[in-house]
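Written out below as structure tokens is the structure these notes cover.
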Amino acid sequence: MKRFILASIVALSALLVSPLDVLADNYYVDGASLGGTCNDTNAGTDLAAPWCTLAKAASTAVAGDTVYIRTNTYRETVTPASSGTSGSPITFTKYQTETPVISGSDLVTGWASLGYSESSGIFTTGFEGNNLSDFNSTTTDSGVTLVTQNTLASSGLYAAQATFNGTGRNARANKTITSANDVYVRMYFRIASGYTLQQKDTNQTILYLRADTTTNRMRISLRQNNSNQFYMFAETMTPTQTTIYNGSANAGEIQPDTWYYIEARYKGGDGSTGGAEFWLNGTSKGSNYSMNTTGLQVGRVEFGGNTTGTAVPSAGSTLYMDAFKINSSAVGAFAPLGNANVYQTTPITWTVRQLFENATSLGLPQASLSAVDGAGKWYYDSGAQALYVWTSDSTSPNGKTMEASRRTTVVDITNKSYITLDGLTVKHNNSNGSLGGGVLGNTSNNLTIQNIISSDNYGVGVYFKNTTSSTIANNMILRNQRQFGGGIRFENASNTNVISNNTITGTGQTGGSGIFFCGDSTCGSNGNGSNTIRSNTISNVQDTCLYMDTNNDGNVVEKNTCTASYKDFNDSTKGGNGYHFSLGSDNNIIRNNLVYNVERHGISIRDGNSGNQIYNNTTYNTGTTSGNGIDIQGSNTGTIVKNNISHTAATAPFNADAGSSDTITDYNNLVQPYRYSSKVGWQFIY
């Protein structure tokens with residue numbers, strides 16, 4: 001009887017357990033078809049017949065399943081459809097020792113040269129500011145207009161538009177420069193269909209190089225013959241009036257509704273080797289460098305319809321001009337625009353916040369196309385849906401891997417529980433202050449983020465919002481740009497989480513902390529409590545290694561190392577702290593931490609906090625012009641500071657403002673007789 005009962009129990013146990021075993025599957029994603037041809041119609045459970053996309057795996061996996069991901073770059077957002085359960089999480093992990101990458105960027109191809117590459121000079125303008133403010137002044141006759149518009153720009157968003165009324169011909173702008181011997185000027189122009197000149201084969205000047213308002217050095221003109229064909233004319237005016245180029249034999253070289261670029265060089269002050277040269281679309285059309293230009297400089301450049309010309313444009317004639325450049329440095333062995341360095345690709349329909357060349361970030365974008373004036377610079381024009389780049393080595397981007405950040409979040413674990421990410425690389429998210437990250441946990445619980453690399457994100461590396469009882473451990477968070485939380489960010493009641501043994505480095509634009517806790521109105525006014533932040537190494541951050549901002553209570557910060565935190569780029573009164581607790585962050589324990597080589601305070605408690613305990617910490621080399629080892633600012637109550645070592649503080653090893661007079665300090669060693677050695681730690685030096 002006993003044997004029967006025992007056998008029945010064993011059989012019943014098997015019935016209860018085996019369904020769970022049957023439901024737990026291993027799936028394989030192999031987008032590069034390394035082990036077998038991938039197809040999302042496969043079952044996915046065979047290494048030789050894997051899926052192609054992570055989206056397929058994320059939509060299929062349920063509690064207890066493991067998704068093994070093979071080496072490939074997966075350009076998609078991973079959004080699990082189901083949650084795991086306690087003891088049976090859904091796991092996304094690398095296959096064996098392989099290196100899968102989940103990317104928020106897309107490849108960008110199809111680059112074409114814009115045809116200009118100057119990197120110095122007085123100014124360049126593409127009129128992206130929608131005005132003519134780059135010039136000293138403009139002149140128009142009554143009824144003639146000179147404005148900017150955004151319908152027919154050669155590059156960028158805006159061009160200058162001159163519209164004539166048949167009587168006046170002044171529609172010009174000028175730039176006064178410091179008199180220069182050697183001046184190079186470039187401009188784009190385009191005549192609209194219907195453009196005509198009332199007097200044929202005479203000058204409608206569109207570019208002047210002058211000494212002042214009246215003394216001419218060189219001019220470039222547009223001419224029209226009796227057959228209504230257009231051509232260019234270039235000449236020097238002083239020291240002698242000499243034709244450099246007469247394009248009458250090439251009549252028709254200028255066609256309506258087509259952009260052309262012209263370049264002019266005047267070489268003054270060079271004795272008998274002075275003179276000038278003219279290029280059209282990068283081809284030299286003529287030069288004379290045998291004139292004596294001693295004492296002859298250029299001090300003013302004008303472009304547009306000009307009063308000196310005799311060919312008045314007919315009523316309704318329209319001239320467009322764009323991408324104007326003056327270079328007054330010594331031109332030397334000048335090469336014209338044939339070796340272009342700025343490339344464009346279109347259409348790019350999303351806002352690009354990061355551009356990567358062969359896996360290396362080219363930094364933040366320039367403010368305008370005209371600012372792309374050197375190697376490694378780029379610009380995104382949302383109006384034109386165009387992306388521009390001058391590559392780091394000035395060669396074509398078509399021979400490189402160019403990636404533009406696109407997706408706000410790379411792995412999105414919203415409203416899910418018991419999900420594990422292990423051993424993956426996530427990178428290149430495109431979040432700009434909105435909710436997004438390399439990994440996003442939003443209203444989630446019991447997540448495990450471990451052994452991942454989250455790198456080169458515009459937004460946060462790992463972002464937890466209202467996410468509880470989760471672990472972020474043994475990860476590398478590298479080069480993430482988000483303001484106020486570039487590495488790891490918590491907000492809106494993200495409680496009882498453990499953040500341990502992570503390496504966080506290279507975060508931030510302005511205000512990019514290594515670990516950031518937000519509890520003010522911008523984050524739902526809910527602080528984050530009872531979290532453990534342990535044994536993390538944080539370095540090279542633009543603001544603060546660990547920043548708790550408003551209403552973050554009961555957290556334990558221990559055994560962390562912080563080095564190289566810098567002040568705000570735009571406001572040197574902010575940032576540069578090691579560990580900072582602010583505005584009602586109460587009852588936190590800060591113990592056994594090391595902070596050194598920071599630009600302001602080692603450990604800072606800011607106004608309106610109570611019950612914080614600071615003990616057994618070491619601060620070293622805190623502050624540049626000012627900075628304390630431990631700083632209790634404003635009005636705080638019940639702060640306990642004990643058994644800390646502060647060495648080499650710019651201002652003081654310890655400071656407590658008058659409003660924090662009840663701060664308890666006990667058994668502190670705040671003199672400075674110690675030095676730090678990476679081999680043996682802190683040493684007494686007396």
Side-chain angles (χ1 to χ4, degrees), residues 14-107 403 406-429 437-442 444-454 462 470-471 475:
L15 289 174
L16 292 173
V17 173
S18 59
L20 294 179
D21 293 336
V22 171
L23 290 175
D25 286 316
N26 293 335
Y27 295 109
Y28 300 92
V29 178
D30 182 3
S33 296
L34 301 174
T37 302
C38 72
N39 194 314
D40 281 354
T41 63
N42 291 337
T45 54
D46 187 343
L47 187 63
W51 290 327
C52 295
T53 68
L54 296 174
K56 174 64 176 179
S59 65
T60 305
V62 296
D65 291 346
T66 298
V67 177
Y68 291 100
I69 307 170
R70 301 207 64 178
T71 296
N72 188 40
T73 297
Y74 299 88
R75 301 185 187 278
E76 52 184 307
T77 295
V78 179
T79 307
S82 302
S83 292
T85 61
S86 178
S88 297
I90 299 173
T91 300
F92 296 84
T93 187
K94 65 182 180 181
Y95 175 70
Q96 296 183 354
T97 60
E98 295 190 11
T99 55
V101 174
I102 312 171
S103 177
S105 65
D106 279 355
L107 293 171
E403 300 171 279
R406 182 169 190 172
R407 283 166 282 282
T408 300
T409 299
V410 182
V411 180
D412 188 351
I413 316 174
T414 296
N415 295 317
K416 298 296 181 297
S417 58
Y418 296 102
I419 303 290
T420 295
L421 303 181
D422 187 4
L424 308 175
T425 294
V426 298
K427 64 179 185 178
H428 297 184
N429 85 46
V439 178
L440 172 65
N442 181 14
S444 304
N445 64 80
N446 292 285
L447 307 180
T448 300
I449 315 299
Q450 63 188 20
N451 304 311
I452 73 163
I453 299 173
S454 183
V462 178
S470 297
T471 298
N475 305 291

Tell me every residue that passes ring-ring contact (aromatic ring centres under 6.0 Å, His included) with Tyr95, counting only those two or more places apart in sequence or in another chain. none
Partner residues of Tyr418 under the ring-ring contact (aromatic ring centres under 6.0 Å, His included) criterion, sequence neighbours left out: none
Would you say Asn39's side chain and Thr41's backbone share a donor-acceptor pair under 3.5 angstrom? yes
Any donor-acceptor N/O pair, Ser470 side chain to Leu447 backbone, under 3.5 Å: yes
Could you walk me through whether Val411 and Leu424 pass side-chain contact (heavy atoms from CB on, under 4.5 Å), step by step? CA-CA 11 Å; Val411 180; Leu424 308 175; 5.9 Å; no
Output yes when a side-chain donor or acceptor of Arg407 lies under 3.5 Å from a complementary backbone atom of Ser103, and no otherwise. yes
Has Thr93 got a side-chain atom pairing as donor or acceptor with Gly423's backbone, closer than 3.5 angstrom? no
Could you tell me which non-hydrogen atom of Ala61 sits nearest to which non-hydrogen atom of Val67, and how far apart they are? CB-CG2, 4.1 Å
Side chain to side chain, Lys416 and Ile90, heavy atoms closer than 4.5 Å: no
Do Asn451 and Lys94 make a side-chain contact, defined as non-hydrogen atoms from C-beta onward lying under 4.5 Å apart? no
How far apart are the C-alpha atoms of Thr99 and Thr425, what are their side-chain angles, what is the distance that settles it, and do they pass the side-chain contact (heavy atoms from CB on, under 4.5 Å) test? CA-CA 7 Å; Thr99 55; Thr425 294; 5.9 Å; no
Can you list the residues that meet the salt bridge (charged side-chain N to carboxylate O under 4.0 Å, His left out) rule with Asp412, with sequence neighbours excluded? none
Determine the minimum heavy-atom distance between Phe92 and Val78, stating which atoms define it. CE2-CG1, 4.5 Å
For the side chain of Lys56 and the backbone of Leu54, is there at least one donor-acceptor N/O pair under 3.5 Å apart? no
Without swapping roles, check the side chain of Asp422 against the backbone of Thr91 for a donor-acceptor pair under 3.5 Å. no
Pair Tyr68, Val29 - check side-chain contact (heavy atoms from CB on, under 4.5 Å), show working. CA-CA 6 Å; Tyr68 291 100; Val29 178; over 6 Å; no
Taking atom types as modelled, find out whether Thr77 and Thr79 have a side-chain donor-acceptor pair closer than 3.5 angstrom. no
Excluding sequence neighbours, so at least two apart, what forms salt bridge (charged side-chain N to carboxylate O under 4.0 Å, His left out) with Glu76? none
Could you tell me which non-hydrogen atom of Ser59 sits nearest to which non-hydrogen atom of Ala81, and how far apart they are? CA-CB, 3.9 Å
Using a 3.5 Å distance criterion without hydrogens, assess whether the side chain of Ser88 forms a donor-acceptor pair with backbone atoms of Ser86. no
Quick one: does Ser105's side chain have a donor or acceptor within less than 3.5 Å of a partner on His428's backbone? no
So the disulfide bond (SG atoms under 2.5 Å apart) pairs with at least one residue in residues 48-99 (sequence neighbours excluded) are Cys38-Cys52
Closest non-hydrogen atom pair between Tyr27 and Asp65, with its separation: CE1-OD2, 3.4 Å
Counting only N and O atoms by type, is there a donor-acceptor contact under 3.5 Å from the side chain of Asn429 to the main-chain atoms of Val410? no
Leu107: side chain to side chain contact (heavy atoms under 4.5 Å, CB included) partners, not counting sequence neighbours: Arg75, Thr401, Glu403
Side chains of Thr53 and Asp40, donor plus acceptor under 3.5 Å: yes
To check you understand the geometry: which heavy-atom pair defines the closest contact between Tyr74 and Ile69, and what is its length? CE1-CG2, 3.6 Å
Side-chain contact test, heavy atoms from C-beta onward, threshold under 4.5 Å: evaluate it for Asp30 versus Asn72 and give yes or no. no
Closest non-hydrogen atoms of Thr420 and Pro89, given as atom of the first, atom of the second and distance, are OG1-CB, 4.0 Å
Expected output: side-chain Ser83 to main-chain Ser417 donor-acceptor under 3.5 Å: yes
